[in-house]
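Please read the structure below before turning to the comments.
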Amino acid sequence: MSLRLALLMCFLFTFHCTAQAARVRHSHHRHVHHRHPHPSKPVAIKSTKATGNVKRRKRLMSEYQHWKGTRYRLGANSHRAIDCSALTRRLYQEAFAIKLPRTTGEQMRRGKKARRGTPHIGDLVFFKTGRVQRHVGIYIGDNRFIHASRRKGVTISQLTSPYWNHHLLAVRQVLPDPVMR
């Protein structure tokens with residue numbers, strides 16, 4: 001069992017025990033006249049698109065910390081060096097358990113076309129950086145994206161910078177809509 005799963009299970013168990021103790025304390029206070037209609041049933045909290053996006057950003061930023069500064073090398077796929085499509089593939093696998101193809105061209109055919117002006121957290125952003133060269137990164141909100149830069153290695157850049165804005169080719173939504181069910 002992974003450490004993350006073990007920590008999640010501990011958190012859920014603690015939360016459940018705390019909620020149970022609160023229900024027991026509440027039921028012992030006879031002077032309280034307002035009762036929850038179903039004290040044994042937990043109150044369902046609907047997740048919103050914003051909540052889903054916050055979770056996605058946290059997952060991506062957590063994985064980014066493991067890769068930050070890793071140098072760029074075309075065809076590489078390790079913590080010593082990595083290229084852009086290998087990075088997006090690894091981040092998607094580690095953050096969302098989704099397998100992407102290895103190359104930028106193959107990744108560009110995944111998911112559905114998204115509007116360039118309104119990318120969502122987790123969308124893949126593609127750039128045309130040369131006559132036939134393509135580049136890919138992952139949008140993390142606030143006009144920023146994670147990618148493997150030739151000059152800086154794994155970094156976060158501004159989508160609105162003149163260079164990236166000029167070379168933006170496409171945005172693809174690979175993840176399902178962030179509304180949790």
Side-chain angles (χ1 to χ4, degrees), residues 2-5 7-8 47-180:
S2 74
L3 178 61
R4 286 184 187 162
L5 183 58
L7 289 172
L8 178 62
S47 292
T48 64
K49 197 173 213 174
T51 303
N53 278 329
V54 167
K55 289 179 182 179
R56 284 182 180 178
R57 185 193 306 238
K58 282 184 179 181
R59 286 179 180 175
L60 286 167
M61 292 307 294
S62 174
E63 293 305 326
Y64 167 72
Q65 293 306 318
H66 299 292
W67 291 94
K68 183 179 180 179
T70 302
R71 70 184 189 95
Y72 176 91
R73 191 176 80 231
L74 184 62
N77 186 16
S78 74
H79 281 280
R80 285 195 290 164
I82 196 160
D83 70 15
C84 63
S85 60
L87 178 67
T88 56
R89 185 173 197 246
R90 298 283 292 263
L91 290 178
Y92 256 67
Q93 178 63 45
E94 293 161 8
F96 308 118
I98 292 177
K99 292 186 179 187
L100 289 177
R102 175 62 182 89
T103 68
T104 303
E106 292 169 331
Q107 289 179 10
M108 201 165 173
R109 291 189 283 276
R110 283 294 170 100
K112 61 183 180 182
K113 185 177 181 179
R115 288 184 31 213
R116 287 174 50 160
T118 56
H120 294 95
I121 294 171
D123 285 354
L124 296 178
V125 286
F126 295 91
F127 305 89
K128 183 175 181 180
T129 55
R131 233 181 74 192
V132 293
Q133 291 87 7
R134 301 290 185 268
H135 185 70
V136 63
I138 302 175
Y139 186 74
I140 57 169
D142 299 324
N143 288 313
R144 300 180 316 149
F145 66 103
I146 298 170
H147 66 117
S149 163
R150 286 186 180 178
R151 290 187 181 148
K152 298 177 183 176
V154 176
T155 190
I156 294 175
S157 294
Q158 288 287 332
L159 198 56
T160 54
S161 77
Y163 179 84
W164 294 115
N165 189 38
H166 178 74
H167 290 91
L168 183 63
L169 178 65
V171 178
R172 304 288 294 183
Q173 179 186 342
V174 176
L175 297 171
D177 286 330
V179 176
M180 307 304 224

Looking at residues at least two apart in the chain, or sitting in another chain, which of them share a ring-ring contact (aromatic ring centres under 6.0 Å, His included) with Trp67? His79
Looking at residues at least two apart in the chain, or sitting in another chain, which of them share a salt bridge (Lys or Arg N to Asp or Glu O under 4.0 Å) with Arg90? Glu94
With Thr160, which residues qualify under side chain to side chain contact (heavy atoms under 4.5 Å, CB included), at least two apart? Asn143, Gln158
With sequence neighbours left out, what residues match Tyr72 under ring-ring contact (aromatic ring centres under 6.0 Å, His included)? none
Can you tell me which residue pairs pass the ring-ring contact (aromatic ring centres under 6.0 Å, His included) test with a partner in residues 83-119, sequence neighbours excluded? Tyr92-Phe96
Report the distance from atom CZ of Arg144 to atom CD1 of Ile121, rounding to the nearest 0.5 Å. 9.5 Å
Distance from His120 atom NE2 to Leu175 atom CG, nearest 0.5 Å? 11.5 Å
Can you list every salt bridge (Lys or Arg N to Asp or Glu O under 4.0 Å) pair that touches residues 103-114, not counting sequence neighbours? none
Shortest non-hydrogen contact from Ala148 toward His135: O-CE1, 3.1 Å
Identify, with sequence neighbours excluded, every residue that meets side chain to side chain contact (heavy atoms under 4.5 Å, CB included) alongside Ala86. Asn77, Ile82, Asp83, Arg102
Looking at Val136, is its backbone amide N or carbonyl O close enough to the side chain of Gln107 to form a donor-acceptor pair, meaning the two atoms are under 3.5 Å apart? no
Hits for ring-ring contact (aromatic ring centres under 6.0 Å, His included) against Phe145, two or more places apart or cross-chain, chain-then-number order -> Phe127, His147, Trp164
List for me each residue that meets side chain to side chain contact (heavy atoms under 4.5 Å, CB included) alongside Asn165, sequence neighbours excluded, and say none if there are none. none
Thr70 vs Leu87 side-chain heavy atoms within contact, under 4.5 Å: no
Using modelled atom types and a 3.5 Å cut-off, is there a donor and acceptor pairing between side-chain atoms of His167 and backbone atoms of Tyr163? yes
Within this structure, what is the CG-CE distance for the pair Leu169 and Met108, rounded to the nearest 0.5 Å? 3.5 Å
Please report the interatomic distance CG(Leu60) to CD1(Ile140), rounded to the nearest 0.5 Å. 7.5 Å
Phe126: ring-ring contact (aromatic ring centres under 6.0 Å, His included) partners, not counting sequence neighbours: none
Is there a side-chain contact (heavy atoms from CB on, under 4.5 Å) between Leu124 and Ile138? Walk through the geometry before answering. CA-CA 5 Å; Leu124 296 178; Ile138 302 175; 3.9 Å; yes
Partners meeting side chain to side chain contact (heavy atoms under 4.5 Å, CB included) with Lys58 (sequence neighbours left out): Val54
Quick one: does Arg71's side chain get under 4.5 Å of Arg80's, heavy atoms only? no
Look up atom CZ in Arg59 and atom CD in Glu63, then write down how far apart they are to the nearest 0.5 Å. 10.0 Å
By salt bridge (Lys or Arg N to Asp or Glu O under 4.0 Å), Arg134 pairs with (sequence neighbours left out) none
Separation of Arg150 CZ from Leu74 CG (nearest 0.5 Å): 7.0 Å
